[in-house]
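Worksheet: one structure, shown below.
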Amino acid sequence: MSKPQPARGMRDILPTEAAIRDWVQAKILATYRRFGYTRIETPALENIQLLTGDDGGENAKLVFKVLKRGEKLDLAKPGMSEDDLVDLGLRFDLTVPLVRFFTTNRAQLPRVLKAIQIGPVWRAERPQKGRYRQFTQCDIDIIGLEEGLAEAELLVASAEALIAVGFEGFTIRLNDRRILTAIAAASGVEEARHGSVFITLDKLDKIGVDGVRKELAQQGFAEAQIDRLSTMLAGVDGISVEAFAKRLGASLDAKVPALIGEVLDAVGADAGNRYRVAFDPTLVRGMGYYTGPVFEIAQPGYDFSIAGGGRYDRMVGKLSGEEAPACGFSIGFERVVAVLMDKTFVPPAEAKLTALLVPEGTALARALTAARMLRSEGLAPSLFPLEKKLGRQLEGLQASGFTHYATLDGDGPPAIRAMKAPAR
RNA sequence: GCGGGCGUAGCUCAGUUGGUUAGAGCGCCAGAUUGUGGAUCUGGAGGUCGCCGGUUCAAUCCCGGUCGCUCGCCCCA
């Protein structure tokens, strides 16, 4: 007697969570609009070529692919491969579709596009705690601005959005892809293998220096390379970008630490004591498309990050042949909601949710009139038949969010009563 | 893609060293009592013990497979 379930890794959103999600989304959108960003939407499906290009990195392997339809789906043809059967895929992030959107609609868009996107993305990976195969992302991106102003504004706007939904005491970690490249180069790692060094480096806070050394050794890196790498990264906790740049010497362009330093100072000043911004040379970020500054926000007490982003200056050019600088910051909507659910957060109601209890035999017209009257007084009345066991009924209504009730008896206006605090 | 744990009532879980009719709490339904806030009492419905196969006189229990859920790894938000 197995009941139907949602597809693996997918989940239903129940009323309590849906209310939180609506509230979070409204807060985030309102914040971003005050920074001058405009909302855009792109389709859930994109042509498969866009998604399986090399810009998605590992994510490209996790695309949900969609079969061709009708005559184009010729299963009988010999020697069929997956590519022959598939022509569409579900987006795995919002950045690749945004770049496609920008190249498609460039003529009608402002020279500098500041876009908000909020919507579901899909990844065909194994579900796990806090990880689903469908999840919502909330991105802001700036296409058309070189590094500096864009990064500073994205960081501040995202931090303000998190503050607006009640987060505090978080830290924005900031690094730059070029600093990572310099670290790898100065350690004598050939360029083709930078990626795997970065991925291992990213785990430093989780597995420690010894863990990183061990993993690099397993991947076949030379003792000398590993030694140089760990010397460079020794005691970097809280190090200034200027001090760290000295360790790298000539392998790093001096403009990079200057830029990062300026962003840190500016955002730090704007933050005051509400949140922190810190340089972290071990911050990597998974996506292969990042070219410059990268950043991430973690919430104390949770081991996953709640926001991440960076600069991806090559992507537009790769797709359209015409370059445009781009930078974005993505809030992990699901994780923000998860944190609020943990706190059993209840969004403030706009109107008093009032159950209007209608005794048997009451004329429908009378019920509607009474409800209309309450609505005009700013309440949110909802009609239910009055049940025999009032206590039971009120308890149930209270559980689904009603804060007030009234019984429709007699001819006069119904008397609104507040629900009692739940008995313990 | 790789590894561990778990599938018994609507929910949370007991249980059987393999042996007639598989249990509790909560919830649900009906009635009584109360008579416009949760109480109490009585009665009731609801399970091919995830699915398929094997071992056995006998399987919810042991074995194999499968599906689902879950927690890690890889990777990621």
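Small disclaimer: the values here were computed from a predicted structure and weren't measured. Letters A, B, ... mirror the listed sequences (proteins, then strands); counts begin at 1.
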Partners passing ring-ring contact (aromatic ring centres under 6.0 Å, His included) against [X] (at least two apart in sequence or in another chain):
X: A:Phe244; value: A:Phe279
X: A:Phe221; value: none
X: A:Tyr312; value: A:Tyr289

How many Å lie between [atom1] on [X] and [atom2] on [N], as a whole number?
X: A:Ile199; N: B:rC73; atom1: CD1; atom2: C1'; value: 14 Å
X: A:Leu390; N: B:rG37; atom1: CG; atom2: P; value: 6 Å
X: A:Arg285; N: B:rC75; atom1: CZ; atom2: P; value: 15 Å
X: A:Glu125; N: B:rC75; atom1: CD; atom2: P; value: 12 Å
X: A:Leu283; N: B:rC76; atom1: CG; atom2: C1'; value: 14 Å
X: A:Asp202; N: B:rC76; atom1: CG; atom2: C1'; value: 10 Å
X: A:Gln393; N: B:rA39; atom1: CD; atom2: C1'; value: 18 Å
X: A:Arg11; N: B:rU70; atom1: CZ; atom2: P; value: 11 Å

Say you pick atom [atom1] in [N] and the same atom in [M]; how far apart are they, in whole Å?
N: B:rC49; M: B:rG44; atom1: P; result: 23 Å
N: B:rA14; M: B:rC61; atom1: C1'; result: 14 Å
N: B:rA24; M: B:rU16; atom1: C1'; result: 16 Å
N: B:rC41; M: B:rC26; atom1: P; result: 10 Å
N: B:rA39; M: B:rU34; atom1: C1'; result: 9 Å
N: B:rG18; M: B:rC57; atom1: P; result: 16 Å
N: B:rU55; M: B:rG68; atom1: P; result: 27 Å
N: B:rG4; M: B:rG43; atom1: C1'; result: 47 Å

Between [X] and [Y], is there a side-chain N and carboxylate O pair less than 4.0 Å apart?
X: A:Glu334; Y: A:Arg21; result: yes
X: A:Glu151; Y: A:Arg311; result: yes
X: A:Asp87; Y: A:Arg69; result: yes
X: A:Lys388; Y: A:Glu360; result: no
X: A:Glu46; Y: A:Arg100; result: yes
X: A:Arg11; Y: A:Glu17; result: yes

Set out, line by line, the N/O atom pairs under 3.5 Å between protein and nucleotides 2-5 of chain B.
| unit_1 | atom_1 | unit_2 | atom_2 | d |
| --- | --- | --- | --- | --- |
| B:rC2 | N4 | A:Arg126 | NH1 | 2.8 |
| B:rG3 | O6 | A:Arg126 | NH2 | 3.2 |

Output a table of donor-acceptor pairs, distance under 3.5 Å, between side-chain atoms of residues 348-358 of chain A and any protein atom two or more places apart or on a different chain; print 'none' if there are none.
| unit_1 | atom_1 | unit_2 | atom_2 | d |
| --- | --- | --- | --- | --- |
| A:Thr354 | OG1 | A:Lys352 | O | 3.1 |

Side chain of [X]: nearest nucleotide among [options]?
X: A:Arg131; options: B:rC75, B:rC71, B:rU36; value: B:rC75
X: A:Arg8; options: B:rG37, B:rA32, B:rU70; value: B:rU70
X: A:Arg392; options: B:rA32, B:rU36, B:rC28; value: B:rC28
X: A:Arg123; options: B:rC76, B:rC28, B:rU40; value: B:rC76
X: A:Lys388; options: B:rG38, B:rU36, B:rG31; value: B:rG31
X: A:Lys129; options: B:rG72, B:rA32, B:rG37; value: B:rG72
X: A:Lys389; options: B:rG37, B:rC75, B:rA32; value: B:rA32
X: A:Lys203; options: B:rU36, B:rC74, B:rG38; value: B:rC74

Both A:Arg133 and A:Gly9 contact RNA chain B. Which one's nearest nucleotide lies toward the 5' end?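 The 5'-side residue here is A:Gly9.
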In terms of the nearest nucleotide of RNA chain B, which residue is placed more toward the 5' end: A:Glu334 or A:Gly391?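 The answer here is A:Gly391.
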Contact class for [X] vs. all strands (heavy atom < 4.0 Å): base, sugar-phosphate, or nothing?
X: A:Gln137; answer: sugar-phosphate
X: A:Gly332; answer: nothing
X: A:Phe333; answer: nothing
X: A:Ala399; answer: nothing
X: A:Gln128; answer: base

Using only atom types and a distance under 3.5 Å, with no angle test, would you say the side chain of A:Asn175 pairs donor to acceptor with the backbone of A:Pro281?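 The answer is yes, because a donor-acceptor pair under 3.5 Å joins these two groups.
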Assess whether one donor atom and one acceptor atom, taken from the side chain of A:Gln398 and the base of B:rG37, lie less than 3.5 Å apart.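 Yes.
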How would RNA chain B look in dot-bracket form, 5' to 3', counting Watson-Crick and G-U wobble pairs with both distances under 3.5 Å and writing | for bases paired to another strand? (((((((..((((.....[...)))).(((((.......))))).....(((((..]....))))))))))))....
To the nearest 0.5 Å, how far apart are CD1 in A:Ile48 and CG in A:Leu85?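 A:Ile48 atom CD1 to A:Leu85 atom CG measures 11.5 Å (nearest 0.5 Å).
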